[in-house]
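The structure appears below as structure tokens.
Chain letters run A, B, ... following the sequence lines, proteins first, then strands; residues in each count from 1.
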Number of protein chains: 2
Amino acid sequence: MTEARPQTRIQKKNRETILDAALDVFSSEGFRGATLDQIASAASLSKPNVLYYFSSKEAIYTELLSELLDTWLDPLRALDPKGDPIDELVAYMRRKFEMSRQYPRESRLFANEIVQGAPRIVDEINGPLKSLVDKTAKLIQSWIHAGRLAPVDPYHLVFSIWATTQHYADFDVQVRGILTPEGDSHLDDAEAFLVTLYTRTLTPTSN
Amino acid sequence: MTEARPQTRIQKKNRETILDAALDVFSSEGFRGATLDQIASAASLSKPNVLYYFSSKEAIYTELLSELLDTWLDPLRALDPKGDPIDELVAYMRRKFEMSRQYPRESRLFANEIVQGAPRIVDEINGPLKSLVDKTAKLIQSWIHAGRLAPVDPYHLVFSIWATTQHYADFDVQVRGILTPEGDSHLDDAEAFLVTLYTRTLTPTSN
DNA sequence: GATGAACTTGACCGTTTGGTCAACAAACGC
DNA sequence: GCGTTTGTTGACCAAACGGTCAAGTTCATC
């Protein structure tokens, strides 16, 4: 997707600095709420200098977004049709949770974009994302058909995994306001809860 | 909270028109992304006229937020300690889901605010909201202690209910992109899934 | 260490933004 | 009807915004 044009050391370093700063700003302010001055300031660069590396505010944003989409679906692609269904789905949930935990800014950037109607990635959603979820849903359905999973709607199962895992990144302020945790410890509890939630939901009943 | 000052017919009508238009705009653009011109245009009023009824853009926004917070917690307050635990919690989830379904704009407004750090409602979260959730968590814990619910972390249970129900309002574009539903029918499936999810999770095992 | 390419930035520009104001129009109370 | 309150708006303002540019500085290469 992103072609690897020749880059000097300085280019590489500064582009990374800018993208990191922009991720901070965009994820907490949204596209329109973010300003080039904020980004430049967060990157400790002058505004014209930022625009020397990226042609526009929009260009920085779309670069972040496409980088993100590339990796965001990896956990789902890693579902193994040959594995144990419950283990696979719980493991998928764990990978997704881990991503929200390690990349909360990316999660919030994505959330901001979607909540506001996803004007820039609507094609990605209707195309590649839909295809991948459709494929996954068929796999889950086949597992259910084989009696290896309790019957559930595969699509809504996937949605619920997305919702519950991303919640801890996207609604971090709310979670922290209620749990008043120190550090990250509450996320271990969250993961344990989610493992229980999905294990109980997916385990077939004996009769 | 909002004191009822004397209002003429015109005031009442126009304030409502403005708030409704502003909800449209704020919920889909965020606070910073929304402009007074958009709001005025959506309300079919001139910009100075909008500012005749509200002292500032911020005033419109905070009015919407405080109206919202008032009603947003009602479903949780309606939990009945004397009812059947599973029925009560599933009914709570249903009420929450119904709110997201009927008031998706409000849900997105809230989501926007929280994702961006909730600068204006951080006190509400750390105060009243935390108290209410703490109280609910104790109730759930007592139900578990009495063996009437399968053991789960009460806080994360509540978070998961919030996450899964709001998801359908906040991430509507994504859900629709994948399911390509006509109308609202997919939300019935979603609700059925969530009932299953929480029933299975909360039902105590016999042994 | 000279030369050209890569990098940096203060000053600036046009537009958009939230908000004001004075002047006018409608509605209300009598 | 008539005066006063209430409602309405075009014109305007200062600040903030995304983006440009010319002039300067640093860097790699020979």
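Of the two residues near DNA chain C, A:V50 and B:S56, the one whose nearest nucleotide lies more 5' is A:V50.
Between B:F159 and A:Y168, the two ring planes are perpendicular [angle over 60°; tilted spans 30° to 60°].
A:W143 meets the side-chain hydrogen bond (donor to acceptor under 3.5 Å, both in side chains) test with no other residue; sequence neighbours excluded. B:D172 pairs by the side-chain hydrogen bond (donor to acceptor under 3.5 Å, both in side chains) definition with B:R176, not counting sequence neighbours.
Between the side chains of B:N112 and B:E29, no donor N or O sits under 3.5 Å from an acceptor N or O. Side-chain polar atoms of B:Y155 and A:D189 form no donor-acceptor pair below 3.5 angstrom. Side chains of B:Y198 and B:T164: a donor on one and an acceptor on the other come within 3.5 Å.
Taking atom CD1 of residue A:I60 and atom C1' of nucleotide D:dG18, one finds them 11 Å apart after rounding to whole Å. Taking atom CG on B:N14 and atom P on D:dT6, their separation rounds to 15 Å, with Å as the unit. To the nearest angstrom, C1' of D:dG18 lies 16 Å from CZ of A:F54. When the C1' atom of D:dG18 is taken as reference, atom CG of A:L36 falls 6 Å away, rounded to whole Å. Atom OH in B:Y52 sits roughly 12 Å away from atom P in D:dT5 (whole-Å rounding).
For the pair A:A40 and A:S46, the tightest heavy-atom approach, listed with the atom from each and the gap, is CB-C, 4.0 Å.
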Can I get a per-line list of side-chain donor-acceptor pairs under 3.5 Å for residues 17-27 of chain A, giving both atom names and the distance, sequence neighbours left out?
from	atom 1	to	atom 2	distance (Å)
A:T17	OG1	A:K13	O	2.8
A:D20	OD1	A:R105	NH1	3.4
A:D20	OD1	A:R105	NH2	2.9
A:D24	OD1	A:R105	NH1	2.8
A:S27	OG	A:L23	O	2.7
A:S27	OG	A:D24	O	3.2

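Distances shorter than 4.0 Å separate none of the side-chain N or O atoms of B:N49 from OP1 or OP2 on D:dG7.
Heavy atoms of A:Y53 sit under 4.0 angstrom from primed sugar atoms or phosphate atoms, though from no base atom. Contacts of B:A34 with the nucleic acid, taken as non-hydrogen atoms under 4.0 Å apart, involve only primed sugar atoms and P, OP1 or OP2.
Residues of residues 37-47 of chain B that place a heavy atom closer than 4.0 Å to DNA chain C, in numerical order, are B:K47.
Shown are A:K96, A:R95, A:R94; of these, the salt bridge (charged side-chain N to carboxylate O under 4.0 Å, His left out) with A:E191 is made only by A:R94.
Under a 4.0 Å N-O distance rule, the pair A:D134/A:K138 does not qualify as a salt bridge.
No more than 12 heavy atoms of other residues, nucleotides or ligands sit less than 6.0 Å from atom CZ of B:R9.
With a cutoff of under 4.0 Å to any heavy atom of chain A, the contacted region of DNA chain C is bounded 5' to 3' by C:dA6 to C:dT17.
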*With the sugar-phosphate defined as primed atoms, P, OP1 and OP2, and the base as all remaining atoms, what B/S/- string results for nucleotides 21-30 of chain D, 5' to 3', for protein heavy atoms under 4.0 Å?*
B------S--

